[in-house]
2 protein chains.
Amino acid sequence: MLVRINTAPRMPIDGQLAALASERMLSEFRYRRGSEIFGEREEPEYVYQIVSGAVRTYKLLPDGRRQINAFHLVGDMFGFENETTHRFTAEAIVETHVHLMRRTSILEAVRNGGAGAKDLIKFVTQNLQHAESHMLLLGRKTSLERVTAFLLEMDERLQHPDVMILPMNRRDIADYLGLTLETVSRALSILRDEGLLRFDGNSQRRLELVDRGALAKIDA
Amino acid sequence: MLVRINTAPRMPIDGQLAALASERMLSEFRYRRGSEIFGEREEPEYVYQIVSGAVRTYKLLPDGRRQINAFHLVGDMFGFENETTHRFTAEAIVETHVHLMRRTSILEAVRNGGAGAKDLIKFVTQNLQHAESHMLLLGRKTSLERVTAFLLEMDERLQHPDVMILPMNRRDIADYLGLTLETVSRALSILRDEGLLRFDGNSQRRLELVDRGALAKIDA
DNA sequence: ATGCCTGTTTGATCTCGATCAATGGTCCGC
DNA sequence: GCGGACCATTGATCGAGATCAAACAGGCAT
């Protein structure tokens with residue numbers, strides 16, 4: 001029997017910004033695990049599309065508290081700015097290959113009208129939509145609901161693989177969900193003990209959602 | 001001596017979507033205190049600009065927990081959707097007058113290129129920017145930091161009036177900040193006791209920021 | 001294999017904000 | 001004026017999640 005896992009196909013990218021991406025591609029670039037792609041307050045030069053790997057974008061408070069806005073997976077675009085500075089930092093979670101586009105060429109495409117503007121509005125709107133539901137999660141959900149919502153979000157974005165391989169560690173998940181890593185770990189253990197998910201073999205990053213229906217009921 | 005309070009000038013609106021707003025205006029509409037302007041999952045027909053009053057937009061969980069995404073004040077636009085359903089509910093906090101534009105005429109303006117698309121991208125990006133900093137607040141700030149951030153946000157949006165009149169009650173503030181109304185009240189009392197703000201006269205909704213510098217230091 | 005580093009789980013305890021509860025104020029219309 | 005529906009503050013207690021702490025992997029270089 002074939003077991004589908006979320007090993008990313010390296011090439012065929014079904015872009016969110018297809019009309020923009022196809023033509024204006026510049027080159028491919030590689031980032032090491034943990035390395036910074038761009039920093040908060042830096043001047044934006046490129047827009048990025050992930051060919052392989054995974055990226056976290058986050059904001060920091062002066063004392064080091066971190067909030068991860070979003071995880072970006074294969075095919076996702078990120079880094080677009082309308083203003084002259086980046087609003088957050090982007091880091092490669094694992095070794096990551098990206099395609100670059102010049103920001104100015106995107107802006108030019110908008111100026112010229114056509115599909116570019118519409119695509120870009122759609123892209124920004126999707127980000128906004130994600131942010132809005134994440135505010136509901138951060139403001140009003142319990143820790144178990146948050147972790148469940150995270151699992152279901154990843155499951156969907158990875159197209160419901162039999163075995164889900166998470167690129168990020170527990171601290172990343174915690175900083176995405178507004179929790180501590182211990183609380184994330186405890187929530188996962190509860191879901192495991194209740195038979196809703198299984199840790200797969202040796203690695204705690206590989207997991208299998210056994211009962212998606214029950215998980216969906218927990219996520220209010 | 002003249003005391004500036006944030007009584008809104010009724011007419012001159014310095015719109016975020018000026019290029020779109022000017023031409024396509026349909027008519028003015030009035031909403032009673034507490035009444036719904038549109039509901040989550042409804043089909044979007046109009047985009048709104050506030051002439052006077054204030055609006056809250058929020059999402060609900062099935063059990064009634066509420067997260068307010070944003071407060072909209074005089075001059076603000078809200079209600080634009082790229083999709084075929086609204087992503088949240090909008091309610092008038094106090095008696096509110098709005099200008100309506102047909103959503104379709106906005107979309108048409110985008111299709112025709114020109115300033116419309118650029119304005120719309122800017123509008124959605126500003127919303128996204130606000131959502132991103134609000135995620136940091138909801139995920140990682142303490143209750144005192146949240147309330148302080150709220151006061152400074154309102155202060156700035158009302159252009160630093162001597163006396164700030166808040167249209168929303170403590171529960172609204174709490175649901176915006178991911179807290180309970182009691183915690184909001186306690187935080188305000190702390191700031192009052194430390195001399196950073198004053199409640200003005202009879203109403204607890206009228207307040208004066210005495211030491212904006214100290215407040216800015218609290219908001220990490 | 002050995003040793004080190006990073007990551008994860010689990011347990012014990014603490015604390016901030018939630019919950020439960022009571023009181024008083026404000027703004028209404030009558 | 002008075003009654004009643006909010007609305008806000010404050011106090012007492014509770015509890016979910018944070019913090020502190022320990023043990024135990026797994027991965028990787030040597």
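Convention: sequence-line order gives letters A, B, ...; per-chain numbering from 1.
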Peer 1: Ring centres under 6.0 Å, that's the criterion: do B:Tyr48 and B:Phe38 meet it?
Peer 2: yes
Peer 1: Mind checking B:Gly178 for me? I need base, sugar-phosphate or nothing, with any heavy atom below 4.0 Å counting as a touch.
Peer 2: sugar-phosphate
Peer 1: My understanding is that only one of A:Glu91, A:Arg66, A:Gln67 makes a side-chain hydrogen bond (donor to acceptor under 3.5 Å, both in side chains) with A:Tyr58; could you say which?
Peer 2: A:Glu91
Peer 1: Rounded to the nearest Å, what distance is computed from the CG atom of residue A:Asn169 to the P atom of nucleotide C:dT9?
Peer 2: 11 Å
Peer 1: Reading DNA chain D from 5' onward, which residue's closest nucleotide shows up sooner: A:Leu179 or A:Ser203?
Peer 2: A:Leu179
Peer 1: From CD of B:Glu182 over to C1' of C:dC20, roughly how many Å is that when rounded to an integer?
Peer 2: 9 Å
Peer 1: For D:dG17, does OP1 or OP2 lie under 4.0 Å from any side-chain N or O of A:Thr180?
Peer 2: no
Peer 1: Reckon B:Ser189 has a side-chain N or O less than 4.0 Å from the OP1 or OP2 of D:dT10?
Peer 2: yes
Peer 1: Please report the distance, rounded to the nearest Å, between CZ in B:Arg140 and P in D:dT19.
Peer 2: 9 Å
Peer 1: Is any side-chain N or O of A:Arg205 under 3.5 Å from a base N or O of D:dG26, one able to act as donor and the other as acceptor?
Peer 2: no
Peer 1: Of all the choices, D:dA18, C:dA18, C:dT9, which nucleotide is nearest to the side chain of A:Gln204 once you look at every atom?
Peer 2: C:dT9
Peer 1: Starting from P on C:dC16, measure out to CG on B:Leu138 and report it in whole angstrom.
Peer 2: 20 Å
Peer 1: Quick test of your reading of the model: are B:Arg186 and B:Asp193 salt-bridged, counting only N-O distances below 4.0 Å?
Peer 2: no
Peer 1: So, are A:Glu45 and A:Arg102 salt-bridged, with charged N and O less than 4.0 Å apart?
Peer 2: yes
Peer 1: Under 4.0 Å between a side-chain nitrogen and a carboxylate oxygen: does that hold for B:Asp175 and B:Arg56?
Peer 2: no
Peer 1: Taking atom P of C:dT9 as reference, at what distance in whole Å does atom CG of A:Leu181 sit?
Peer 2: 9 Å
Peer 1: D:dT9 phosphate, OP1 or OP2: any side-chain N/O from B:Ser185 under 4.0 angstrom?
Peer 2: yes
Peer 1: Nearest-Å distance, CZ (B:Arg170) to C1' (D:dC7)?
Peer 2: 9 Å
Peer 1: How many whole angstroms separate atom CG of A:Leu191 from atom P of C:dT8?
Peer 2: 16 Å
Peer 1: Measure from CG on B:Asp200 to C1' on C:dT26 and round the result to the nearest Å.
Peer 2: 15 Å
Peer 1: Is A:Arg192 near enough to C:dT10 that one of its side-chain N or O atoms lies under 4.0 angstrom from OP1 or OP2?
Peer 2: yes
Peer 1: Of all the choices, C:dA18, C:dA12, D:dG11, which nucleotide is nearest to the side chain of B:Arg186 once you look at every atom?
Peer 2: D:dG11
